[in-house]
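In the text below, chain A, chain B and the rest are named by the order of the sequence lines, each starting its count at 1.
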Amino acid sequence: MRFIFTETQAMSNYHFNDIEKKWQEYWAKNETFKASNTSEKPKYYVLDMFPYPSGAGLHVGHPLGYIASDVYARYKRHKGFNVLHPMGYDSFGLPAEQYAIQTGQHPAQTTTVNIEGGTDKQGNKIAGYRKQLDQIGFSFDWSREVRTSDPGYYKWTQWIFIQLFESWYDEKANKARPVSELIEHFATEGNTTVQATCDEDVTEFSAEIWNAYSETEQQEVLLKYRLTYLAETEVNWCPALGTVLANDEVVNGVSERGGHPVVRKKMKQWSMRITAYAQRLLDGLTTIDWPQPLKDSQTNWIGRSEGATVSFKVLPSGEDLGGDFTIPVFTTRPDTIFGVSFMTLAPEHELVSKITTPEQKAEVEAYVEATTKRSERERIADVKTISGAFTGAYAEHPFTKEPIPIWIGDYVLAGYGTGAVMSVPCGDQRDYDFAKHFDIEIPNIFDGVDISEEAYSDKENTKITNSDFLNGLNYKKATKTAIYELEKLGAGTGKINYRLRDAVFSRQRYWGEPFPVYYKNGMPQMIAAKHLPLHLPEISEYLPTEDGQPPLGRAENWAWDVEKLSVVSCELIDNETVFPLELNTMPGWAGSSCYMFRYMDPNNDDALASKEAMQYWENVDLYLGGSEHATGHLLYSRFWVKALYDLGHLQVEEPFKKLINQGMILGESAFVHRIGYNILFWANDKPEGKTISRGAHGTSKVLTDTQKDALSSLQEKYRIIENYFFSENLIHHFKKKNNDNEESKKIRGAVDNLVFKNLKSELEEIGVQDKVTFQFHGLLNKYNFYKTHAPIEYVNDKNVLDQEKFKNWQEQYNDSTFYTDSDEKFYVSREVEKMSKSKHNVVSPDDICERFGADTLRLYEMFLGPLEQAKPWSMAGITGVHSFLKKLWKLYHTGNDGAFEVSATGASKDSLKTLHKTIKKVEDDIENFSFNTSVSTFMIAVNELTAQKCRSREVLESFLILISPYAPHIAEELWSKLGHSASISEAPFPKFEEKHVKESTKEYPISFNGKMRFTLELPLDLSKDEIETAVMAHEKTAHYLEGRTPKKVIVVPGKIVNIVG
RNA sequence: GCCUUGGUGGCGGAAUUGGUAGACGCGCUGGAUUCAAAAUCCAGUGACUUCGGUCGUGCGGGUUCGAUUCCCGCCCAAGGUACCA
């Protein structure tokens, strides 16, 4: 009996592992989701931002967007669209390179393992992205997979680079054009009639001059026009690491890794002339359906401002100064020109060294030196520290001819505008603060405004005074007049300025696309497109060379032979027929800027994608990804697409029609806590309070240098007491102001005794027990608190740490002592952070699929909350979603012993109402990307259908299609049990019919002064007056009125009744 | 600093146009079933309460018959800030 019982149980159970495996294999075998480039159906292109395949594998945060886009893609298939839903890998990147530096493994190898799975050299088993993605049941068309590090792919990245190199931006035609046309123009007319976006320093030349130039000279000039060009740009240079660092790799002026000094340094690098597209990038935003915040951040990034450039002549002063210099500045407030009382140059400004007077030289040089140590972000963010130096030089005011002192200050950045500002302290707060700090005059040019406390930056109510011909004018008129007068003087002109800077395109890294570039006489030459791809060369080590060249400097075969048309050994370089190749590689965004077109025709060897494929798929209809890409990938991609569109290679001008941001899933990190002690020593021959500082700088005569050093290291030793861990609760109580409690005593007992006991003998060992005094009491500020990440897999959901596992985790923790709470348990503290390997808070989707199934994971990730919002991951609640699926399964298994059963007889009215209510809600939700509420709707529907004992095939079949985008495996299984032989994936979406959900009555909430007191069911077709009469006649109304006469009765038919009075 | 987003029970969240705050799920409490456990099912669950009510959507104001929703001023957290992707 018992045996039979369990057997039938098993029959009726929801065996998600088997079902999911079965359907994943079915989809792969039948190529269910393979998209065709020709179809009668309307097309729909759904794209996810492709992942970087890291060694840590997929965590639960990654699939969030993929699940959402998959739900949408599957929904669109039900709606009759030919859906393109591809996936690939952004497989060039820094992590693989850093891993290569540490372990010597080739990044290509680790990348392949990360994607395809396997075992790395360290013996770590890696599941691989592909397998992880597959088990979630995505409807990707894997036949179109791309990898940016695949030579067959980066051939096209290199090809695009060449297209950009071979073009320039014609401001008259407002589009990019081939450089060949520019050369023609130069040869016949020179450059005076060309309006191009180009370097600032191009000089005018005639056709004769151009034709007389040498080849190298001509190339040099052309480089100033090309859409990608070589230029000196500032970088964070770390001499010790021999490499350039990202801003966020620099912390307080030193490298995050290793703490080495970092300086700002100029380097010759490839740049992309994105500034040529500033206006079009701005204009294009109005044509695309993106979230407003994302558009805002691109708008701000481009930073259009209208104003004027003004040139200030530098006055001769001292002996050596010629006075031939002018300083151009850009200002958005030319109306305040008479308020200028000084000028400020960026410390890096090229004129600084030329105009500084001998007396000021030392101060200025010291300041410039100090500035190179601060990162750009620090300089902008830090508005509190005001610093600068006077150059000793003066400029001449264009109108008053008064001398204006020239200062340098690090709040002015070299890369913004012209790297110089005309400072108007009465109108700009930063200028105001600077002037106050250095005691510079603050002339007031605003009528009736008090500027004794702060600058006045309001434009609307401005009335200019003390400004000669601008007196009495408002902002608009004064601006116009000022520009007119400046132009008359030849000292300035009206200008639109963009904050957007050209994008640096070189990286001193190994694991990126090689440039298809070699150098002849120092001038870059492109390798012809037919010889691409130019393969990334093999190198022995992935570090920069000893003399500071990028890693490719180590390649033995990295020269271009123009006769053999192939890469040859560097030893053959003769600069006649064999030339050195470019040593930099391309940045991360190179490979991701046009990948959406490659998916359309991924195996095409002759083009990025065929014309037909591009014509059919056009651009991405729905793009899903994180908002962190707002000003990187999403801006660069738009720029490249516009440029390639201009050049006739693409048929669309915007890559992504609609974009949805998915929020990050955050991890719940666990922390264990340690305590350290600040012990203060002072020598007995020194006055109290003068401690022997760390580093043994003390001037004590009774101590030897060795003893001072020993004391210092002793201090260091107790600064953090290793291996003693305290339960979170203990620390919490200890940190309280009045910490005279049991928990605190426990801590004090442990730490003080430990230190005190050893300290005596340690002082004796050094031989200073009589020569120093140490301060040692329990003042809170004498303690240091440290927290360290503990792996979350060692912590249960009650925040209790498995002490044994933690001890065995790393050798340094083997001898750990744990101070537990009163319940003998050791608690960690929790904090919500980004999910990352280094924070040991990564949750992998693998075990969730194993334990609950992919359908549960999919539903649960959608159920967690709104897609766009960031949310912490928590396993609490997943059981609810899982048991929902079990209930769903049961709904179709109501036969004897849980056998599958549906009936052909008609559906009840209630069941039809439930179904159609659900169709409406789910359809609305999917269209609005509100997936979390859909899941709730499914739960309600299953609860209702179960209560109604619904067996109707009509209802149950339609319901399966509704849920199939969310939980495709269970839907397919039940669909086939219903007798269908084809996949559910293209079954038409059920049609909503109003008649099934129409209500005849409404449960009216009756409010008194806005507070709901009771509800009253009334027919929906009652008029306002009828409703009022019915409500006033109700016995409860009298009760709540307590004898008062209502002043007013508000009736909103179908909504609410509110009685006031 | 600047730009952007968010703040609702013990927790994740819902409330689509200003109209019943807390749907749905978790957790918790009680019960049924079971030798027992798991699973499942049923009921309850914002706080306070003199059981009449009162309070309640980060804080302080305002508009309105009515505000989580609109307006003004703050506080806090997260993301971005140009070489992480």
Looking for any heavy atom pair under 4.0 Å, which part of the strands does [X] touch: base, sugar-phosphate only, or nothing?
{"X": "A:I1050", "value": "base"}
{"X": "A:V1057", "value": "nothing"}
{"X": "A:K886", "value": "sugar-phosphate"}
{"X": "A:A876", "value": "sugar-phosphate"}
{"X": "A:W301", "value": "base"}
{"X": "A:Q508", "value": "base"}
{"X": "A:P293", "value": "sugar-phosphate"}
{"X": "A:P51", "value": "nothing"}
{"X": "A:Q269", "value": "base"}

Task: Electrostatic pair A:E234-A:R501, nearest N-O below 4.0 angstrom - done: no

When you measure from the side-chain N and O atoms of [X] to the phosphate of [N], is any distance below 4.0 Å, counting only OP1 and OP2?
{"X": "A:Y1040", "N": "B:G53", "answer": "yes"}
{"X": "A:N943", "N": "B:C24", "answer": "no"}
{"X": "A:K1011", "N": "B:C55", "answer": "yes"}
{"X": "A:R501", "N": "B:A82", "answer": "no"}

Partner nucleotide, any strand, of [N] [Watson-Crick/G-U, under 3.5 Å]:
{"N": "B:A77", "answer": "B:U5"}
{"N": "B:C35", "answer": "none"}
{"N": "B:G66", "answer": "none"}
{"N": "B:U16", "answer": "none"}
{"N": "B:U45", "answer": "B:G27"}
{"N": "B:C84", "answer": "none"}

Can you tell me the distance, in whole Å, between the [atom1] atom of [X] and the [atom2] atom of [N]?
{"X": "A:K265", "N": "B:C83", "atom1": "NZ", "atom2": "C1'", "result": "15 Å"}
{"X": "A:E861", "N": "B:G12", "atom1": "CD", "atom2": "C1'", "result": "13 Å"}
{"X": "A:M1012", "N": "B:G53", "atom1": "CE", "atom2": "P", "result": "13 Å"}
{"X": "A:Q98", "N": "B:A85", "atom1": "CD", "atom2": "C1'", "result": "12 Å"}

TODO: Decide if the gap between the ring center of A:F515 and the ring center of A:F505 is smaller than 6.0 angstrom.
DONE: yes

Open item on the list: For A:W873 together with A:Y860, are the ring centres under 6.0 Å from each other?
Closed with: yes

- [ ] Could you measure between the two P atoms, the one in B:A14 and the one in B:G9, and give it in whole Å?
- [x] 13 Å

Open item on the list: Can you check the distance between B:C48 and B:G56, where both ends of the measurement are the C1' atom (answer in whole Å)?
Closed with: 10 Å

Report yes if a donor N or O on one partner sits less than 3.5 Å from an acceptor N or O on the other, where the partners are the side chain of [X] and the base of [N]; otherwise report no.
{"X": "A:E628", "N": "B:C84", "value": "no"}
{"X": "A:N300", "N": "B:C3", "value": "no"}
{"X": "A:K921", "N": "B:U16", "value": "yes"}

For [X] versus [Y], what's the shortest heavy-atom pair and its separation?
{"X": "A:V922", "Y": "A:L962", "value": "CG1-O, 4.4 Å"}
{"X": "A:A346", "Y": "A:A414", "value": "CB-N, 3.5 Å"}
{"X": "A:S271", "Y": "A:D502", "value": "CB-CB, 4.5 Å"}

Open item on the list: Taking the six-membered ring of A:W301 as reference, does the cationic atom of A:R638 (NZ for Lys, CZ for Arg) lie under 6.0 Å from its centre and within 45° of its axis?
Closed with: no

Open item on the list: If you only use heavy atoms from C-beta on, which nucleotide in B:C24, B:A85, B:C65 is closest to the side chain of A:D90?
Closed with: B:A85

